[in-house]
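Have a look at the structure below, then the notes.
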There are 2 protein chains.
Amino acid sequence: MDMTVKSAGADCRAVSEILSRIGDKWTIQVVVALRPGPHRFNEIKRRVGGISQQMLTRTLKTLERDGMIERSVRHTTPPQVAYALTPLGHSLSDTAKHLADWAAAHRGAIADNRIRYDNRKP
Amino acid sequence: MDMTVKSAGADCRAVSEILSRIGDKWTIQVVVALRPGPHRFNEIKRRVGGISQQMLTRTLKTLERDGMIERSVRHTTPPQVAYALTPLGHSLSDTAKHLADWAAAHRGAIADNRIRYDNRKP
DNA sequence: CTGCATCCGCCGCGATACTG
DNA sequence: CAGTATCGCGGCGGATGCAG
């Protein structure tokens with residue numbers, strides 16, 4: 001089927017809606033970090049380099065709210081909290097994988113284009 | 001091959017790098033708007049609802065710099081400028097299509113999760 | 001260890017007015 | 001019609017301190 005015209009508007013809105021959710025600085029990185037399996041708070045913090053505690057807390061909470069990850073608490077002292085991807089979260093990480101593959105494949109070309117453009121218009 | 005562990009870090013960086021480029025408010029919407037074929041400035045502005053001239057100008061310029069779109073000028077009065085996706089731009093729009101499909105497929109589930117979460121923690 | 005509250009700088013984005 | 005220049009705001013995200 002040809003989606004080039006008819007659904008362009010709908011696609012447009014859907015993509016922009018999703019990008020506004022997952023397009024922030026950390027969401028995708030946290031999801032990717034959780035792909036191998038469940039992790040605890042500071043493990044995630046280590047796997048995702050450069051994120052602050054607060055941003056990790058916010059990101060995890062938003063992901064939990066959207067049903068992307070599941071939070072499980074062990075009431076020990078000190079308490080242990082583990083986070084795991086839900087099926088929905090895994091499907092997102094698969095989609096992210098497509099993005100990653102595209103990025104890896106074309107990153108070099110983009111960099112080259114940029115250099116040529118800047119050299120042409122100084 | 002199994003990418004779940006080994007390339008998690010590399011994927012992470014690649015995705016975040018790309019998201020910082022295309023994850024803004026308008027880039028993807030402009031690319032999607034150009035899928036059917038070349039369009040002129042104000043045509044794009046109409047197809048992408050709610051974008052200001054300045055943001056459209058900026059977005060187009062960045063996309064051109066990255067080699068995603070091509071700008072062709074007809075020196076008439078008034079001048080006519082058309083924008084078209086390059087092969088690289090089309091490949092991006094295909095990737096965006098995956099995102100759009102994922103969004104359409106799971107948007108309802110996410111909305112439901114969110115409502116349930118908010119009802120549990122008032 | 002895990003998580004929340006507060007303060008604050010930066011910049012993405014919109015509105016507006018002005019050129020060719 | 002197709003841009004450019006300037007201003008201002010809102011919110012993301014970083015640093016720090018406090019709590020359970």
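Every chain is numbered from 1, with letters handed out A, B, ... down the list of sequences. Please read these numbers as outputs of a predicted model, since none were measured by experiment.
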Checklist entry - Of all heavy-atom pairs between B:Val31 and B:Ser93, which one has the smallest distance, and what is that distance? => result CG1-CB, 3.5 Å
Next on the checklist: Output the rounded distance in Å from CD (B:Gln53) to C1' (D:dT6).
Outcome noted: 14 Å
Item to check | Geometric class of the B:His98/A:His98 ring pair [parallel <30°, tilted 30-60°, perpendicular >60°] | outcome: parallel
Next on the checklist: Measuring to OP1 and OP2 of D:dG3, would you say a side-chain N or O of B:Arg71 lies under 4.0 angstrom away?
Outcome noted: yes
Next on the checklist: Is the phosphate of D:dA2 approached by B:Arg40 (side-chain N or O, under 4.0 Å from OP1 or OP2)?
Outcome noted: yes
Next on the checklist: At 4.0 Å (heavy atoms only), tell me whether A:Gln80 reaches a base, stays on the sugar-phosphate, or touches nothing.
Outcome noted: nothing
Item to check | Whole angstrom value for the distance that separates C1' of D:dG20 from NE2 of A:His75 | outcome: 12 Å
May I have the list of side-chain donor-acceptor pairs in residues 48-61 of chain A shorter than 3.5 Å, sequence neighbours left out?
| residue | atom | partner | partner atom | Å |
| --- | --- | --- | --- | --- |
| A:Ser52 | OG | A:Met55 | N | 3.3 |
| A:Thr57 | OG1 | A:Gln53 | O | 3.0 |
| A:Thr59 | OG1 | A:Met55 | O | 2.6 |

Checklist entry - Side-chain donor or acceptor of A:Gln54 under 3.5 Å from a matching atom on the base of D:dA15? => result yes
Checklist entry - Taking the side chain as C-beta and beyond, is there a heavy-atom pair between A:Ile69 and A:Val30 under 4.5 Å? => result no
Item to check | A:Ile51 CD1 to D:dA15 P, straight-line distance once rounded to whole Å | outcome: 12 Å
Checklist entry - Earliest and latest nucleotide of DNA chain C, 5' to 3', sitting under 4.0 Å from a non-hydrogen atom of chain A? => result C:dC1 to C:dT6
Checklist outcome for this item: side chain to side chain donor-acceptor pair (under 3.5 Å) with B:Arg116: of B:Asp112, B:Asn119, B:Asn113, only one passes, and it is B:Asn113
Next on the checklist: Please report the distance, rounded to the nearest Å, between CG in A:Leu56 and P in D:dG14.
Outcome noted: 11 Å
Next on the checklist: If the helix axis at each end comes from five base pairs, how far does the helix from C:dC1-D:dG20 to C:dG20-D:dC1 deviate from straight, to 10°?
Outcome noted: 40°
Item to check | Residue whose nearest DNA chain D nucleotide is more 5′ - B:Glu43 or A:Pro79 | outcome: B:Glu43
Next on the checklist: Tell me the interatomic distance from B:Met55, atom CE, to D:dG3, atom C1', rounded to whole angstroms.
Outcome noted: 15 Å
Next on the checklist: Over all strands shown, is A:Ser52 touching base, sugar-phosphate only, or nothing at heavy-atom distances under 4.0 angstrom?
Outcome noted: sugar-phosphate
Item to check | A:Lys25 side-chain N/O to D:dG14 phosphate OP1/OP2 under 4.0 Å | outcome: yes
Checklist entry - Taking OP1 and OP2 of D:dT4, is either one under 4.0 Å from a side-chain nitrogen or oxygen of B:Lys61? => result yes
Item to check | Rounded distance in Å - NZ (B:Lys45) to P (D:dG3) | outcome: 13 Å
